[in-house]
Amino acid sequence: MSEKKKSFPFDEFESKWQELWAAEKTFRTAGPGEDGFDGSKPKYYILDMFPYPSGAGLHVGHPEGYTATDIMGRYKRMKGFNVLHPMGWDAFGLPAEQYAIKTGQHPRVTTEANVDNFRRQLQALGFAYDWDREVNTTDPGYVKWTQWIFIQLYNSYFCEEEGKAKPVSVLEEKGWSREEIDEVRLAFIHEAPVNWSPSMGTVLANEEVEEWKAKGETVERRPLRQWMLRITKYAQRLIDELEPLDWPESIKMLQRNWIGRSEGAEVEFAVAGCEDVIRVFTTRPDTLFGATYMVLAPEHPLVDEVVTDEQREAVVAYKEACATKSDLERGDLNKDKSGVATGAFAVNPVSGEEVPIWIADYVMMGYGTGAIMAVPAHDERDFEFAKKFELPILQVVDPGGDEEWQGFTGEGVAVNSGFLDGLETGGAKAKMIDWLEKEGKGTRQVNYKLRDWLFSRQRYWGEPFPILWNKETGEHAALPEEELPLLQPEMEDFKPTGDPRGPLLKATEWINYSGEFERETNTMPQWAGSCWYYLRYCDPKNAERFIGEEVESYWKNVDLYVGGTEHAVLHLLYARFWHKVLNDLGHLSTKEPFEKLVNQGLILGEDGQKMSKSLGNVVNPDDVVSEYGADSLRLYEMFMGPLEQVKPWSMKGVEGVHRFLAKVWRVKEKVSGEVSSDELAKVTHQTIKRVQESIESLRFNTAISAMMECSNAYNAADAVPRDLFVIFLQLLNPFAPHLSEEVHALLGGEGLLSEMNWPLVNEELLVESEIQIIVQVNGKLRARIMVAAEASKEEVEELALADENVVSFTEGKTVRKVIVVPGKLVNVVAN
RNA sequence: GCCUCUGUGGCGGAAUUGGUAGACGCUGUGGAUUUAAAAUCCAUUGUCCCUAGGACGUGCGGGUUCGAGUCCCGCCGGAGGUACCA
């Protein structure tokens, strides 16, 4: 331990203030129906992406976003808002379960210990959370409502006419059968090839596959019966209703790309010599004349029907080869085209030509219809395939100019296309679709890349589905709401069974609900809890509803949401979907959960690399706190640069802000009640203005610069008026709450800074009697002159032209023009 | 390949949105204090010519303008996302 003397005793006072805030519940937020609630105040709901409490504890990325929201929350509170700024735990998840498999320790025990550690670490940073609102996704009181929401999804369908979800009871009244209703539920059972991970013993959502593969897990396609959520019904609304949100354009873009809307047509190709019809989706119906062959995905159901006897053997062999290929082999690693002819032919509906039908793995069963019309002249993939297998290539688009038409995928003028010849691509598309619709050979069609959400997992540590199965009929039904929450049975062996029904299969007593019914053994994915936690914070203890109606109508949705980009398409899309369903069903008053979204940038290691154990560049917040204090950590994380930006860590930088705080600490020695200083008053009030503007626009780095300048002015002065310094401490309080409170208390200040009103700017103090004017000659700075603030344009011009340096630069030249920007500058144009 | 973001001193970054480029902080250099160090304080720190002062300077090349880091056109580099999506 170094003998380094601490420049101020943060180790003594930081914990003191934290204890006081906790004991007095300084940051408790009263909501509707609670003591002390003042409904006349405007609300401001600030949300952090709640952490998964891992065993590793906080890393420096957490306090970045959390400090930003903390500053905003404290500021808004001082500005007279009812601020909701809560924290909680996304506590279901695989690591705890895997730890349990290894050690036999129950995931609940591990999770609790991790949560306690996270809470301790966050509290040591002095965040102004209302800890009475803490939520934990694994609490029975929380699980109950996650399951309740699932039942709402289960009991709803998407009404196409109104474009919204409605209860299935509407359909029952219309006389729909049970089977028909099961077909349209928003939560439904579906048997389809899914992403099954043998190494983890669970299935995964499409969205998760890459992430886990990157971590070394194996994932393969396998047909299984799974719970799905019909998010695809909301594809269009998820695009449209994204538009007005105050989100980073990049995130909106990611969501739009993920949903992947494309417009085109569905076209029917008759199979020659039989009744079968192959439907294809195309975004380029204008190129239909150029469709010289077709390709079916190897898994396409028509393959076995159309294949000729001569080709059967080759087709079967190819299908088998594809089935055993991993996604990686089929995708990234193998861009080489492969395929086999089926021997069958289809009829191009517009040209009447017979075209061969092939199967190839470059066509995916999961998108569109699983079949394509191949236009090798104007599609790169088809072009490559046609060259390899020597299939005909027919030009149908003229790119114009000298451009090569082979493989040209852009827009141009239709050629060799009968009635489309001479039309531009746009017009040709429209005309072809009209023709197809008139002839009954196709329709206008919009396609989305978005798939329905695979919602079941074969895990122990997740919410069990509140679903019962009839042992006789195999029909499913929702568990009665009174029986929620349905918790997992106590178990000691969490190992995957290899059975795709998951580890709960072993809890035979638990499964057996009654003579007639047994329980569903799947559990929900971790996303379930995080889909609606922001709602629960508003009313965390409500046992009657997931959120009280009065409470919901006050807090509504989140005003500011801060978190990392990694959730751009997962959590942020899922939560929007659930919110919309709950809104459709009348449980929520808003359409979107998060009005404004800000992504904090990644903090890199001191070496500019991403922090990682293997590189040894990880910074532990606990170490920074013990050496420099929580205020220094908070301040440094905000001073590093713009919140959204990726930026490297620097211990020297931490020392820099620590020095600033030490200077503030020393200012108190020269505070005096007697002195008055116009100069310092002006600086202080300028600082109020600058800090305020910076916070409002989330530019915390410049707010800190402004405060540094102000404190430099105090340090240069012989004495600092007490009232001004208190204002300064108020400005500093959201950033460095401990030190500011401590200094304020040492100066004998009454009450808490955090509970004072934000200081008002005295604009009169900011008015200058004399202002500096920049004088340029031909756009180059030549002089600075002081003029009276109320000086006229003419006076300013005259003074500028009289300046010595201006005279020397205009000598021998003719002044052509003088531009005067009042209060700013004069530019003399001379040549 | 496509999409989004981004490019300013030795470093992190400012710049009132078209008007003093480099605020604030870090680093470096010189000095004060000290037996010495730490801490603290003062000066200096874009490059070049160096004397007041001047020339150059915001990835590169053009353009618009009295005036461009900021707007327009064309390149180049970096980061992230995504990709047989028909």
Side-chain angles (χ1 to χ4, degrees), chain A residues 2-7 210 248-254 256-258 260-262 264 280-284 287 291 295 297 330-332 334-337 360-364 366-375 379-382 384-385 409 447-450 565-566 568-569 601-602 608 635-636 639-642 644-657 659-660 662-663 666 690 693 699 701-709 711-712 715 772-784 805 808-809 816-821 823-830:
Chain A
S2 71
E3 285 304 302
K4 200 166 92 182
K5 204 182 120 210
K6 297 211 157 64
S7 23
E210 286 311 317
E249 190 48 42
S250 57
I251 300 292
K252 288 189 180 182
M253 213 55 188
L254 287 174
R256 276 188 227 114
N257 288 345
W258 190 265
R261 181 183 205 271
S262 53
V280 301
F281 173 73
T282 177
T283 55
R284 292 296 299 269
T287 63
V295 185
R330 214 173 138 163
D332 291 355
N334 187 13
K335 296 272 179 185
D336 253 7
K337 295 285 176 292
D361 65 359
Y362 82 94
V363 174
M364 309 289 142
Y367 181 75
T369 62
I372 62 156
M373 63 179 216
V375 184
D379 181 283
E380 272 177 48
R381 298 149 297 171
D382 299 344
E384 214 182 296
F385 192 82
T409 58
N447 246 329
Y448 300 92
K449 277 195 270 185
L450 186 69
T565 351
E566 66 273 18
V569 283
L602 198 65
L635 212 57
Y636 173 64
F639 188 61
M640 291 174 86
E644 308 83 352
Q645 202 164 296
V646 178
K647 43 213 178 273
W649 186 267
S650 157
M651 272 310 173
K652 288 286 182 189
V654 182
E655 281 172 31
V657 294
R659 262 198 289 273
F660 159 67
K663 282 186 205 171
R666 289 194 303 266
R690 289 172 68 186
E693 285 168 0
R699 293 184 340 234
N701 53 333
T702 55
I704 296 167
S705 302
M707 289 187 286
M708 284 174 166
E709 284 180 60
S711 103
N712 288 344
N715 271 293
Q772 184 185 253
I773 298 286
I774 298 310
V775 186
Q776 300 177 326
V777 176
N778 293 330
K780 286 199 161 62
L781 175 68
R782 296 304 176 193
R784 295 161 224 252
N805 211 28
S808 77
F809 272 94
R816 302 285 173 193
K817 201 169 168 188
V818 180
I819 287 129
V820 181
V821 182
K824 278 215 173 108
L825 64 69
V826 176
N827 190 10
V828 181
V829 186

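Worth knowing before you read on, the calculation uses all heavy atoms, side chains too, and leaves out hydrogens, waters and symmetry mates.
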task: Taking the side chain as every heavy atom from C-beta outward, state whether A:Val775 and A:Arg782 have any atom pair closer than 4.5 Å.
output: no
query: With a 4.0 Å cut-off on heavy atoms, is A:Asn447 in touch with a base, just the backbone sugar-phosphate, or nothing at all?
result: nothing
- request: Map A:Ile251 and A:Ser262 onto RNA chain B by nearest heavy atom, then report which one ends up closer to the 5' terminus.
  value: A:Ile251
- request: Provide the distance between the two P atoms, one in B:rA14 and one in B:rC24, to the nearest whole Å.
  value: 14 Å
message: Does the protein touch nucleotides 17-30 of chain B at the base, only the backbone, or not at all? Give it as B, S and - per nucleotide, heavy atoms under 4.0 Å.
response: --BB--BBSSS---
statement: Winner on side-chain proximity to A:Leu254, out of B:rG12, B:rG81, B:rC84, is B:rG81
From A:Leu825, A:Asn827, A:Val821, residue fulfilling side chain to side chain contact (heavy atoms under 4.5 Å, CB included) relative to A:Ile774: A:Leu825
message: What's the gap between B:rG13 and B:rU65 when it is taken at their C1' atoms, as a whole Å value?
response: 29 Å
message: Could you identify the nucleotide paired to B:rC56, looking across every strand shown and requiring Watson-Crick or G-U wobble geometry with both distances under 3.5 Å?
response: B:rG46
task: May I ask you to say what A:Pro248 touches in the nucleic acid, namely base, sugar-phosphate or nothing, with a heavy-atom cut-off under 4.0 Å?
output: nothing
- prompt: In whole Å, what separates the P atom of B:rG46 from that of B:rU29?
  reply: 16 Å
message: Can you tell me whether the base of B:rG10 sits syn or anti, using the 90° cut around 0 to define syn?
response: anti
task: Flag yes if more than 12 heavy atoms outside A:Glu380 fall under 6.0 Å of its CD atom; otherwise flag no.
output: no
- line: chi for B:rU17 classified (syn = within 90 degrees of 0, anti otherwise) as syn
message: Using only atom types and a distance under 3.5 Å, with no angle test, would you say the side chain of A:Asn715 pairs donor to acceptor with the backbone of A:Ser711?
response: yes
query: Which value, in whole Å, describes the distance between the C1' atoms of nucleotides B:rA83 and B:rU47?
result: 45 Å
- prompt: With rounding to whole Å, what would you report as the distance between B:rG31 and B:rC49 at their C1' atoms?
  reply: 28 Å
- request: Assign the ring pair A:Tyr636 / A:Trp649 to parallel, tilted or perpendicular, where the plane angle (0 to 90°) is split at 30° and 60°.
  value: perpendicular
task: Pick the P atom in B:rU70 and in B:rG57, then give their distance to the nearest Å.
output: 13 Å
task: Could you check which of B:rC66, B:rC84, B:rU4 has an atom nearest any side-chain atom of A:Lys817?
output: B:rC66
- prompt: Do A:Tyr367 and A:Thr369 have side-chain heavy atoms sitting under 4.5 Å apart?
  reply: no
query: If you measure from the C1' atom in B:rU34 to the same atom in B:rC41, how many Å do you get, rounded?
result: 13 Å
query: What pairs with A:Ile251 under side-chain contact (heavy atoms from CB on, under 4.5 Å), at least two apart in sequence or on another chain?
result: A:Trp247, A:Pro248, A:Leu254, A:Thr565, A:Ala568, A:Leu572, A:Leu597, A:Asn599
